[in-house]
Each structure stands twice: as structure tokens, then as C-alpha cells.
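In what follows, a structure is listed as C-alpha cells, so that the remarks can point back to it.
Start at 1 and go down the list; that is how both ligands and their atoms are numbered. Count residues from 1 along the sequence.
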Amino acid sequence: MMHSNQYFPDVNKIEFEGRDSNNPLAFTWYDESRIVAGQPMKEHLRYAVAYWHSFYNENGDPFGAGTRIFPWDRSSNPLDNAKYRLDAAFEFFSKLGNPFYCFHDRDLAPEGDSVAESEKNLKELVSLAAQYQKETGLKLLWGTANLFSHPRYMNGAATNPDFDVVCHAGAQVKAALEATVELGGENYVFWGGREGYTHLFNTRMKRERDNLGHFLRAARDYGRSIGFNGNFLIEPKPMEPTKQQYDFDAATVIGFLREQDLLDDFKLNIEGNHATLAGHSFAHDLTVASEAGLLGSIDANRGDNQNGWDTDYFPTDLRDAVEAMIVVLENGGIAPGGLNFDAKIRRNSTDPKDLFYAHIGGMDTFARALIIANNIINDPLYAELRDGRYQSFESGEGKAFKEGNRSLEQLRDRAASIGEPARLSGRQELLENLFNRQMM
Ligand code: XLS
Ligand code: NI
Ligand code: NI
């Protein structure tokens with residue numbers, strides 16, 4: 001079975017043409033086989049396209065209906081349209097050259113009138129997707145279940161106060177895990193859109209958190225029993241749609257995973273725009289996850305400085321991407337995770353080529369960022385400005401403290417004997433200039 005060539009007929013395979021090219025349908029920096037830090041770019045970056053934003057999201061907003069016209073909505077039967085959509089998606093992937101994609105159960109296949117019918121729809125689409133994957137070599141970075149769109153989840157999914165709703169969430173996750181395994185997915189994501197609460201005083205946070213723990217352990221056990229060997233990932237987000245209690249940011253999720261004894265199987269999927277919604281930078285949350293040994297994957301997007309929403313812009317801010325790639329390189333890479341463009345074209349971007357421009361922009365930005373990040377890491381000034389500051393812990397008394405061998409009395413006695421410490425500059429401006437020198 002070959003995917004068609006009818007949905008994006010004006011676009012050919014996107015090639016690397018270099019920075020002198022002015023072809024808007026070519027890469028200027030993403031040269032997938034270029035070696036950076038000992039590895040081809042493609043393997044560092046592991047780009048994925050998000051099925052929902054690119055092929056399912058009509059770009060409605062709270063003020064108006066969707067603006068996109070989907071040429072793959074050819075029929076009045078949603079199951080047929082799901083098949084056309086899959087065909088269009090694989091045409092797009094083949095032309096763009098992304099190695100991975102990600103989906104929710106409900107963007108891949110429509111919900112049926114019963115659990116059994118929904119399962120059947122999903123199975124049908126999964127077997128088609130398996131054929132397209134085989135034909136194109138494309139891989140699944142992760143699967144997930146949409147536990148937030150259906151009205152039944154208005155009070156949450158796994159944290160719903162009504163056990164019957166929790167069961168429906170379980171049914172969906174079971175089927176989505178099976179789909180992920182069948183398609184060779186390397187990770188499985190939980191983003192708890194409607195977990196959390198809208199009013200604290202009709203909510204028992206601890207109870208909901210414990211129920212979520214039971215739910216995630218059941219999902220883990222089932223996944224392992226059907227041969228899922230990849231990482232389970234939790235994607236932190238502080239709000240929107242609900243206020244969150246267990247997944248506000250990376251640090252909160254790590255505490256939750258520890259409380260619920262899930263650290264052996266779960267890692268984090270960090271999204272740029274979610275980190276900024278939590279009042280952090282993208283690189284901050286990546287660093288928190290990485291230092292805990294829990295950086296699993298990345299949703300590469302960005303917010304808008306002028307508002308506080310999850311705007312899911314395509315990531316075209318170079319500085320942001322450079323900072324992210326420093327963390328990724330220092331993490332020893334992102335595999336088996338990847339960089340998933342959990343991003344959408346703007347509501348007024350209605351040219352079919354806009355979806356290509358958007359991904360090309362994101363892919364070029366992170367490719368350039370990878371090169372710059374590697375240059376920064378290899379500049380001796382970087383190590384001096386960062387690790388050099390901690391030199392006093394590398395020998396003598398400081399080293400003894402670092403190893404846990406100094407009491408408060410000993411600290412006091414040393415302070416009394418040494419007098420006022422010298423003022424060591426943090427040299428932040430020099431550090432910023434170092435970054436700019438590599439970027440400009
Ligand atoms: C929404 C989330 C969502 C997850 C997958 O804000 O980013 O897209 O990545 O459910
Ligand atoms: Ni996301
Ligand atoms: Ni998001």
C-alpha cells in the first residue's frame with residue numbers, strides 16, 4: 001500500500017539546501033546526516049510530528065470556529081475520513097522527512113458508540129498505520145489517550161470522583177497501550193489535561209492523587225504484560241484546562257512519582273510552553289528533569305510573551321532552542337525520547353504549505369541550536385564560568401563538606417578563622433556574551 005500524493009500536490013520532498021538557499025520549502029540548517037558531536041543530526045534531534053495539531057485540529061478557539069479546511073474530510077463517515085487523514089499524514093511525513101510521529105487514540109480513530117466499537121475503530125486504523133510505517137520506515141515516538149475532550153471527563157479522568165468515569169479512562173488507556181505496542185512506540189505519554197481541579201473545596205487532592213497512582217500502576221502493569229518495554233512519560237503542565245496538583249512542573253511530578261513509587265518506570269515529557277506557563281524557562285524544567293535522571297522526551301514548542309496561554313507556537317526562538325539543546329547534550333541525548341513538535345499553525349494560516357513552513361522552521365531552528373549548543377559546551381570558558389565557580393568544593397575542607405563530613409560547628413569554626421570571603425564574580429555578562437558570540 002502506497003500513501004497518496006494528492007493532499008499536498010504542490011510540495012516535493014523537502015531537501016537540505018543550506019543557508020544560501022532562498023527556497024522556502026528547503027532546509028537551511030537541518031542536514032540530517034551532518035555529524036555533530038559524533039552523531040548525525042537526525043539521531044540527536046529525533047523529530048516527531050504531532051498528529052493532532054497537524055491533521056486533526058481545525059484551529060477553533062474560545063471565540064470562533066475552526067478555520068482549516070481538511071481535504072481529507074471527504075466523506076460523511078468519520079471512520080473513512082480517519083483513513084484519508086492517515087493517508088494525508090503519511091504523504092506529509094514522507095515529504096518532510098521527520099523520522100517519528102505521535103498520536104492520541106482519538107485523533108487516529110473516531111470514538112464509537114460503545115467501548116467495543118471504539119476499540120474496533122482504533123484497531124482498524126492501527127493496522128493501516130502499521131502498513132504505512134512499514135512502507136515508509138517512519139516510527140512511532142509515542143502514543144497516548146485523549147482523556148480530556150469527551151464531556152464525560154469534565155471532572156477529570158483517572159482523578160474523577162466518579163469511579164465509572166475512571167473505568168472509561170482505563171478502557172481508553174488499555175486500548176491506546178495496545179496500539180502503541182503494535183506500532184512499536186518507544187514511549188507512552190500521560191498528559192493529565194483534566195486531572196487536577198477547578199475548585200479546591202469540592203476536591204480531595206490526596207484522594208485524587210492516590211487514585212491516579214493506582215491508575216498509573218495498573219497501566220504500567222498492563223503495558224509491561226503486553227510487551228511494552230519503553231518509558232512511560234508524564235507531561236507536566238500547571239494549568240489549562242484545570243489547575244493542577246500533581247503535575248504543575250517537573251519538580252512537582254518528580255515528587256508525585258516518588259510518592260506513588262513510580263520512579264522505575266516513569267520519566268518526564270517536558271514541553272516548552274508548559275514550562276513557561278509554570279513561570280519557568282523551558283531550559284529550567286529540562287534541567288530539573290535531566291538532573292533527576294528523568295528527562296524522557298520533549299514537546300518542542302513555545303508560548304507568546306504577551307499572553308499566558310498554551311499557544312503552542314512552533315519553536316522558532318533560537319536562544320530558547322540553544323538553551324534546550326545544551327541540556328539535551330549534557331543529558332547524553334534525548335533517545336529513546338525525541339523532539340515532538342506539539343505545535344500548531346496559527347488560525348489564519350490556511351495555505352496547505354503553511355504546515356510545511358512551520359515544521360521546516362522548527363527543524364531548522366533546533367538543528368542550528370544543536371550546532372551552537374555543542375560549540376558553547378566545548379568552549380573552555382563555559383566550563384570555567386559554570387563549574388569553575390564550585391572550585392572550593394574540590395579540595396580540602398570544601399571537599400569534606402561535599403562528602404557530607406562537616407558539622408555545623410566545624411563550619412562555624414572555619415568561618416571564624418578565615419574572616420570575610422572574597423567576592424567572586426558570577427560573570428553573568430561574560431556568560432551572556434559567550435552565548436551571543438556563538439549565536440551571532
Ligand atoms: C496539551 C498537551 C498535549 C499532550 C498530549 O497541552 O501538550 O498536547 O502533549 O496529550
Ligand atoms: Ni504536549
Ligand atoms: Ni501543550
*Non-hydrogen side-chain atoms of F8 and K353 separated by less than 4.5 Å*: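 They are not in side-chain contact.
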
Is it the case that ligand 1 has an N or O less than 3.5 angstrom from some N or O of [X]?
| X | answer |
| --- | --- |
| D312 | no |
| W142 | no |
| H104 | yes |
| D299 | yes |
| D310 | yes |

Going by an N to O cut-off under 4.0 Å, is there a salt bridge joining [X] and [Y]?
| X | Y | result |
| --- | --- | --- |
| K344 | E58 | no |
| K95 | E91 | yes |
| K206 | D210 | yes |
| K267 | E235 | no |
| K123 | E182 | no |

*Have a look around the Ni ion (ligand 3) and list protein N/O/S atoms under 2.8 Å, or say none.*
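Listed by chain and number: E271 OE2, H274 NE2, D310 OD2.
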
_Under the criterion ring-ring contact (aromatic ring centres under 6.0 Å, His included), I'd like the reasoning laid out for Y47 against F100: C-alpha separation, chi angles, the key distance, then a yes or no._
CA-CA 6 Å; Y47 286 138; F100 295 96; 9.9 Å; no

_Check the orientation of H284 and H280. Use parallel for under 30°, tilted for 30 to 60°, and perpendicular for over 60°._
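The rings of H284 and H280 lie parallel, inter-plane angle below 30°.
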
*Under the salt bridge (Lys or Arg N to Asp or Glu O under 4.0 Å) rule, what pairs show up with a residue in residues 293-310, not counting sequence neighbours?*
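Every salt bridge (Lys or Arg N to Asp or Glu O under 4.0 Å) pair that includes a residue of residues 293-310, provided the two are not neighbours, is K237-D310.
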
*Identify which of D342, N57, D107, N301 has a heavy atom lying nearest to atom 3 (C) of ligand 1.*
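The residue whose heavy atom sits nearest atom 3 (C) of ligand 1 is D342.
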
_Closest protein heavy atom to atom 2 (C) of ligand 1, given as residue, atom name and distance to 0.1 Å_ =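 Scanning the protein heavy atoms, the shortest distance from atom 2 (C) of ligand 1 goes to E235 OE2, 3.3 Å.
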
*asked:* So for H274, does at least one of its heavy atoms come nearer than 4.0 angstrom to any atom of ligand 1?
replied: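 H274 counts as a contact of ligand 1 under the 4.0 Å cut-off.
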
*asked:* Please classify the H53 to ligand 1 contact at 4.0 Å (heavy-atom distances, strictly less than): side chain, backbone, both or neither.
replied: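 Looking at H53 and ligand 1, no heavy atom falls under 4.0 Å.
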
_I want to know whether F314 and H359 have ring centres closer than 6.0 Å._
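For F314 and H359, the ring centres are under 6.0 Å apart.
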
*Check each atom of ligand 1 against the heavy atoms of W52 and keep those under 4.0 Å away; list them by number with element.*
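Counting from 1, the qualifying ligand atoms are 8 (O).
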
